[in-house]
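For reference, the structure discussed in these notes is given below.
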Amino acid sequence: MQGIQIFCMRKTNSLWEGFGRYTKQLCSSILELIFPSHLYCAICGNIIDETRPYSLCDHCRDHIGWRLKEPFIAHVYGEATRCISCCSYGMYERRLIFRLKYNKKKSTAAIMGEIVADRLKYSEIEYDIIVPVPMEKSKERKRGFNHAFLIAKEAGKILEKPVVEHALTRTKKTRAMRGLSPGERRANISGAFALGREAEKIMGKRVLLFDDICTTFATGEECIRVLHDANPESIDFIAFSAKNF
Ligand SMILES: [Zn+2]
């Protein structure tokens, strides 16, 4: 009897969750019709015309630290990894990233994906597949999406490159990286990833690892270490926003 009650409660909860999701989607579609997101700057919200690149007003676009540097070469366990980024890690870049991650404005992923695609077009890096850094499962459930995957998917669509979402998986919860020293970050992220259920797709391939933010490269380095176990031909790295390259 208790089992049936629990089953019914779960069923009711999932129905309400489904209804809640549907209502949210409906509301955001209606809002999108009334206030189309491409008519407002994705950072400051000022009105723009739809010809503005990346849905940014001139002021915000001029305040982003765009990066077109030569790749920084990181040596991860004896293998050379070319690392590039689209922009620096300043206030304007953070506002764009936080709009997607914390305000859950998914349309931002298309803007960021377009920026990533343009950056890759102006780079010498060649790759067959894109692998986004995975999120810890409970965090992803809470947010409702993996922001790195959404951005990579949008970039992949433009570049016509497959995105392998489950090449890597997150195996443990980690503390928030903010406020940790480089050594603490490395210890925190150590052992946090394993090869995922799609790892065989990267064997013999030129892999491009993608993350939204790179501050000390501790996460990137740990992902690359694990990805090497699947025998890719090469691994390179792109971050949307990076502190040092
Ligand atoms: Zn703006």
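Numbering of ligands and ligand atoms starts at 1, following listing order. Treat the numbers as computed from the prediction; the structure is a model and nothing was measured. Counting from 1, the numbers follow the sequence of the chain as shown.
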Can a salt bridge be assigned to the pair Glu233 and Lys205 using a cut-off of 4.0 Å between side-chain N and carboxylate O? no

Checking Lys69 against Phe245: charged group under 6.0 Å from the ring centre and within 45 degrees of the axis? no

Return the minimal non-hydrogen interatomic distance between Glu93 and Gly65, and the atom names on each side. OE2-N, 2.8 Å

Shortest non-hydrogen contact between Tyr89 and Ile213, atoms and distance: CE1-CG2, 3.5 Å

Phe193: partners by ring-ring contact (aromatic ring centres under 6.0 Å, His included), with sequence neighbours left out: none

Are Arg143 and Glu140 close enough for a salt bridge, meaning some N to O gap below 4.0 Å? no

What's within reach of the Zn ion (ligand 1), meaning protein N/O/S atoms under 2.8 Å? Cys41 SG, Cys44 SG, Cys57 SG, Cys60 SG

